[in-house]
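What you are looking at is a predicted structure, and each value in this text was computed from that prediction instead of being measured. Letters go in sequence order (proteins before strands), and every chain restarts at 1.
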Protein chains: 2
Amino acid sequence: MAVTIRDIAKRAGVSRGTVDRVLHNRKGVNEEVACRVRAIAKELGFIPNLAGKALANRKQPLRIGCLLPSIGNPFFTEVIAGFRQAERELSDFGVSVDIMEVKSFDRAVHLDAIETLQSKHYDGLCITTINVEPVIAAIDRITETGTTVVTVNTDISDTHRLCYVGPDYYLGGTTASGLLSLVCKQQEQKILIVTGSFNIKGHQERIRGFLEGLTTRQMPHSIVDVIESLDDNDKAYERTLSCLKEKPEINCLYLTAAGVQGACQAVQELGKTGNIRILSFDDIPTTKALIQKGVITFTICQEPQRQGYDAIQKLFFHLMNQQEPVVDTITRTIIKIRENLDD
Amino acid sequence: MAVTIRDIAKRAGVSRGTVDRVLHNRKGVNEEVACRVRAIAKELGFIPNLAGKALANRKQPLRIGCLLPSIGNPFFTEVIAGFRQAERELSDFGVSVDIMEVKSFDRAVHLDAIETLQSKHYDGLCITTINVEPVIAAIDRITETGTTVVTVNTDISDTHRLCYVGPDYYLGGTTASGLLSLVCKQQEQKILIVTGSFNIKGHQERIRGFLEGLTTRQMPHSIVDVIESLDDNDKAYERTLSCLKEKPEINCLYLTAAGVQGACQAVQELGKTGNIRILSFDDIPTTKALIQKGVITFTICQEPQRQGYDAIQKLFFHLMNQQEPVVDTITRTIIKIRENLDD
DNA sequence: CTGAAAGCGCTAACAA
DNA sequence: TTGTTAGCGCTTTCAG
């Protein structure tokens, strides 16, 4: 039978109320008793019962706020589904989830959004934002007020976030290179890299992992060019098109970010489908369609729905039961080809 | 604010006890009142609060029993880890999980094990067993006594199980064929299929999916032979060795089941590593090592840990809150190559 | 057949 | 500084 605060109270010769105060580090307890209670709790290996806590907390439900740069970016649809699933499963424990969506990775927009979130005094935050100085500072201000922050999909370095839930971008890159090597054998690849932004660390990591992976696999290759799509289909289309025209030797496209459809459209219009091998990331509907058609050979995914789900879960368990250390959740690097696209 | 039995009781002009009796279909309630209560519950969209239930149920905890043919089969290590993780997370809700392990797929052994499980009167069962007549009947006998059964990893047809949690074997086969096609282009594959048993449906499905997938991808190929390993490394080694000697044209091995290490040993001893392409299923430690070494090109996995975890979760939620319909969980078909082997 | 009351583990408001 | 009490939603026992 599990240990309860009753057991601790009896053993320490105090009331349950006092035990509760000690366990929550609330002031107004004689330091001596506090010590004794803490010692006994540790000795007995006390773990608070979740059901009991949830029931008692019902009057002051747990409020979680989220920030996603999801407007106009279909990738985040799945992340949101994960948030919502977690909210549903945890509703019996008094959890509510608000999602704030913004467009783009603009610095001012994000700072503004974070300000707004702070003003709402959530118990916890799940956020995907940009890793730049003023944003980092804003987040530190929030954590200092006692709000717990989890970073989702994109980590924010050197801040006091509880943990990160998202992919290993470098591993995504090496996996792409590994599979490319298997598929192309010793045929030299003349590669055009279409990345999202030179300023986004995840995209850079996908390139770094890819290049190092090609070397490890001793894959003959050359990088013909690296261009930015800014996660935009139109830009990806134009720039890919002009680059392919200029450099007809290109036989491989490595798409590290959004803008997949645009880049593929350029290839298709030039009648080069089949002659140019295309690799991409994620599996938004348009990408799936291109794999079905055989335009893209494979895509590397990152469990977006799980990112949303796990972020909320982590936050919840931590808020309900401080103490045990929290580690990052690195979501899986999933290879999808035509056959296993739908699961 | 969510609806509680209190709300229903007030509205129906009865006590909470009566509402509880009605909601649990317990006898001893005037049919008229019962109807009224049921109607109000439905109208208000009542969903019982999990935390409340768990707390009240604490005196009669939920007991779940599991059956796995895991002795001597490393694949199930992960499934067990999933069972245990679920048990840990649900311990606050009074759930306990007993695991019964047997060796092999012997009919008598399984019948005996199921008998034993029945005699322990568990609230729910998670089982991996064989899909044959007497076993099916034994399971039906159990479900008739009110014990809920979930099938894990291997489904049992036409029985009154709550649901199935496991892979889509056919999809595993098509995925293997799809990736093989990408890797081998138009090079004709002369394939030796090493399956586990002709009598195990999952293995058959992996073959069927593979063959149909090769046709869909218009992959030139021939099946040189199909042999059984009986999930045993020694047998796999011997039979693969003699077959490879007899038919030196074989350039591809399709391993649908256990015995991977044995089959690979045969290839290695003949000095044919690199000349024979090998595909396998699952990622037990020995298989991982063979991928690292480059002996196996890729392996198709099925989320074994999630199988264990989800099976318990499903069972738990259903036992706590009958009513909502339960659907099967088909775990993902995961492609692993050297680079993404460890996640 | 039905209501009242106690209790699961925990929290918070109120007394002392 | 500490103890007492009521109550979260649900189940169960004991009266009636």
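In this view, A/Pro61 satisfies the side-chain contact (heavy atoms from CB on, under 4.5 Å) rule with no residue, not counting sequence neighbours. Taking the side-chain contact (heavy atoms from CB on, under 4.5 Å) definition, one finds that A/Asp283 meets it with A/Lys288, A/Thr299, A/Cys301, A/Lys336, sequence neighbours left out. Taking the side-chain contact (heavy atoms from CB on, under 4.5 Å) definition, one finds that A/Glu89 meets it with A/Gln85, A/Tyr309, A/Gln313, sequence neighbours left out. Residues satisfying the side-chain contact (heavy atoms from CB on, under 4.5 Å) criterion with A/Glu31, sequence neighbours excluded, are A/Ala34, A/Cys35, A/Arg38. With sequence neighbours excluded, the residues that form a ring pair (Phe, Tyr, Trp, His ring centres under 6.0 Å) with A/Phe93 are A/Phe316, B/Phe93.
Judged as a side-chain hydrogen bond (donor to acceptor under 3.5 Å, both in side chains), the pairs with a partner in residues 133-145 of chain A (not counting sequence neighbours) are, in order, A/Asp140-A/Thr159. Screening residues 42-59 of chain A for salt bridge (Lys or Arg N to Asp or Glu O under 4.0 Å) gives A/Arg11-A/Glu43 as the qualifying pairs, with residues at least two apart or on separate chains. Sorted by first and then second residue, the side-chain hydrogen bond (donor to acceptor under 3.5 Å, both in side chains) pairs with a member in residues 74-84 of chain A read A/Arg84-A/Glu87; sequence neighbours excluded. For residues 110-143 of chain A, no residue pair satisfies the ring pair (Phe, Tyr, Trp, His ring centres under 6.0 Å) rule, not counting sequence neighbours.
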request  = Go through the steps to decide whether B/Val149 and B/Ile142 satisfy the test side chain to side chain contact (heavy atoms under 4.5 Å, CB included), and finish with yes or no.
outcome  = CA-CA 8 Å; B/Val149 174; B/Ile142 292 184; 4.1 Å; yes
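Contact annotation: A/Thr18 side-chain N/O to D/dT2 OP1/OP2 distance is not under 4.0 Å.
Across residues 27-37 of chain A, not one residue has a non-hydrogen atom less than 4.0 Å from an atom of DNA chain C.
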key: Protein proximity profile, nucleotides 8-16 of chain D - base contact B, sugar-phosphate-only contact S, no contact -, cut-off 4.0 Å on heavy atoms   = BBBBBB---
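Bending across the helix from C/dC1-D/dG16 to C/dA16-D/dT1, expressed as the angle between its end axes from five pairs apiece, amounts to 60° (10° rounding).
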